[in-house]
There are 2 protein chains.
Amino acid sequence: MAAGGSERFEKIQMPAAYRLVAEAIEREIVTGRLRAGEAIGTEVELGRQFGVNRSTVREGIRALEEGGYVSRGPDRRLYASLPRYSRLSSRMSRAMVLHEVTFRELYDATLALEMATVAHAVVNVGEESLAAMEKNIAESEAVMDDPVRLCELDTDFHALLAKAAGNRVLELAREPASLLFFPTAEMICRRLPEGAPRMLQAHRLILDALRAHDAAAAATWMRRHLVDWRKGFERAGRDLDEPVERVYARTLAPPGE
Amino acid sequence: MAAGGSERFEKIQMPAAYRLVAEAIEREIVTGRLRAGEAIGTEVELGRQFGVNRSTVREGIRALEEGGYVSRGPDRRLYASLPRYSRLSSRMSRAMVLHEVTFRELYDATLALEMATVAHAVVNVGEESLAAMEKNIAESEAVMDDPVRLCELDTDFHALLAKAAGNRVLELAREPASLLFFPTAEMICRRLPEGAPRMLQAHRLILDALRAHDAAAAATWMRRHLVDWRKGFERAGRDLDEPVERVYARTLAPPGE
DNA sequence: TCCCATGGTTTGTCCGACAAAGTCAATCGA
DNA sequence: TCGATTGACTTTGTCGGACAAACCATGGGA
């Protein structure tokens, strides 16, 4: 045979049938011919339409299910569906951990993302968002001595802020970093007693600034809030240039749902 | 039976076996016990270990394959692998399109993300990145009359910039928006003859600023570059509040690989 | 009218089988 | 001796059929 690279024809390869099945169904959804919530049909029926065995259909379905394009109803039947943001975000977060990004990368990116988010929120925030954040802060005050719960609420606070910003692209862009960044606050609150109150204070002042549509104050307090995290991180004896621990990947991405 | 909601015990449900298989393998990879590139074993072998049928193993594998945690080598055997960024990004982009985000959301988010990116790039840019961007600009100058190719190079330029910034979290955060944003420049270049030269000039000036580590100039030109896009978009008669067209989803996300 | 039984439908899993394609080693020819 | 060819072995992709469990609707009985 001739040496590699100088052939006239490339090797022709047939995609596997299950992949064609998956792509066909995915295309229907992406192009809008199949809308979210519509029933796809039974496995046997799909097998008949595509002219393949049920096992082959099932393998295609598995791929789509993982991608979030189809899901099972309570009756276990197949319905078209749109990929959920939260799922994509946790996958990204996991990928970041597996690729061993450092806390410095996480901090720098979060700083940029949260500053942009709060700037938009100051302009676009509505009453319901203000109420939700108010509720979040009240709940936080009630669990000051529970670092785990407190950090969940911290993550939620920033997610609410992002929703208040009214920009889903930005919201989605910040979420993967956020899911890794804010949980680390738990470790800081555990080691530094002043961590939790400072966090709460920052949240409250950010909320006040939003309510007053005061962009400068909001930016100032968000920055301080994040710089606080950094100081706390370093004071807790950690190095910004360590990679994020694998542990954080395990709590993410509800594997099935 | 009792009415719903007041039962003492929740319904106990067994996850499907193929899901358990997928989760078990995924866990091995996430926790690092299985490293990327390592062989997983054959389907028959896995079936033997898990005590399930080969078909069941295959369904589990499909899910993992879609998630990017395993991949097939040239010999078609199974190897552990890490989810590729590019794949996650295109999935996010597709999801944004399907959720009908508007050009305004895209523009605002891109502005924030690219400004942050260029700010980091000014500090961290290295020789290889400068060279790659130089090459990109030279190539762009050679295809000024081909909007499609030109826009690919535009997208690439900003990706190179992001790589130059040396922050993978930021790089990953900006990519989904970027994959939708820059392709729209094609439409603008097609309608406005001054579009392409202005784009090139902006790229060149940004590159010069990076080389001189001049943060102010880099920020200025990036901003102008993006504002130009916006002006072009509006001058082309488009409305920022339209949702991004479904068409853009179809060119994304190489479905299998 | 309300409850339960019953049957039909669909999924999840198993078994066995085979062709295609890849791997590896031994064999044959120059 | 070295390289190409052959052929056995392995593994995947697909098929067909089978069955238990879970769900749904329907109809009969209290």
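The sequence lines fix the lettering, A, B, ..., with proteins before strands; numbering per chain opens at 1. Since this is a predicted model, take the numbers as computed values, not measurements.
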For nucleotides 16-19 of chain C, list the nitrogen or oxygen atoms of the protein found under 3.5 Å from its nitrogen or oxygen atoms, one pair per line.
unit_1  : atom_1 : unit_2 : atom_2 : d
dA17(C) : N6     : R54(B) : NH2    : 3.3

Pairing of [X] and [Y] as salt bridge, 4.0 angstrom limit:
| X | Y | answer |
| --- | --- | --- |
| R19(B) | E59(B) | no |
| R149(B) | E152(B) | yes |
| E26(B) | R94(A) | yes |
| R72(A) | E43(A) | yes |

Could you check how far [atom1] of [X] sits from [atom2] of [N], rounded to whole Å?
| X | N | atom1 | atom2 | result |
| --- | --- | --- | --- | --- |
| Y79(A) | dT11(C) | OH | P | 10 Å |
| L78(A) | dC23(D) | CG | C1' | 15 Å |
| L46(A) | dG12(C) | CG | P | 13 Å |
| R77(B) | dG13(D) | CZ | P | 12 Å |
| Y18(A) | dT14(D) | OH | C1' | 12 Å |
| E43(A) | dC15(D) | CD | C1' | 15 Å |
| I40(A) | dT10(C) | CD1 | C1' | 15 Å |
| E45(B) | dT12(D) | CD | P | 11 Å |

* To do: May I ask you to verify if any side-chain N or O of T56(B) is less than 4.0 angstrom from the OP1 or OP2 atom of dC14(C)?
  => yes
* Can any side-chain N or O of N136(B) pair as donor or acceptor with the backbone N or O of L153(B) at less than 3.5 Å? -> yes
* Structure fact -> Sorted by position of nearest nucleotide on DNA chain D, 5' first, the leading residue of R76(A) and G51(A) is G51(A)
* Think R62(B) forms a cation-pi with Y18(A), using NZ or CZ under 6.0 Å from the six-ring centre and within 45 degrees of its axis? -> yes
* Asked: Is the gap between the ring centers of Y85(A) and H99(B) under 6.0 Å?
  -> yes
* **Sugar-phosphate, base or nothing in reach of R58(B), heavy atoms under 4.0 Å** =>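 Base contact.
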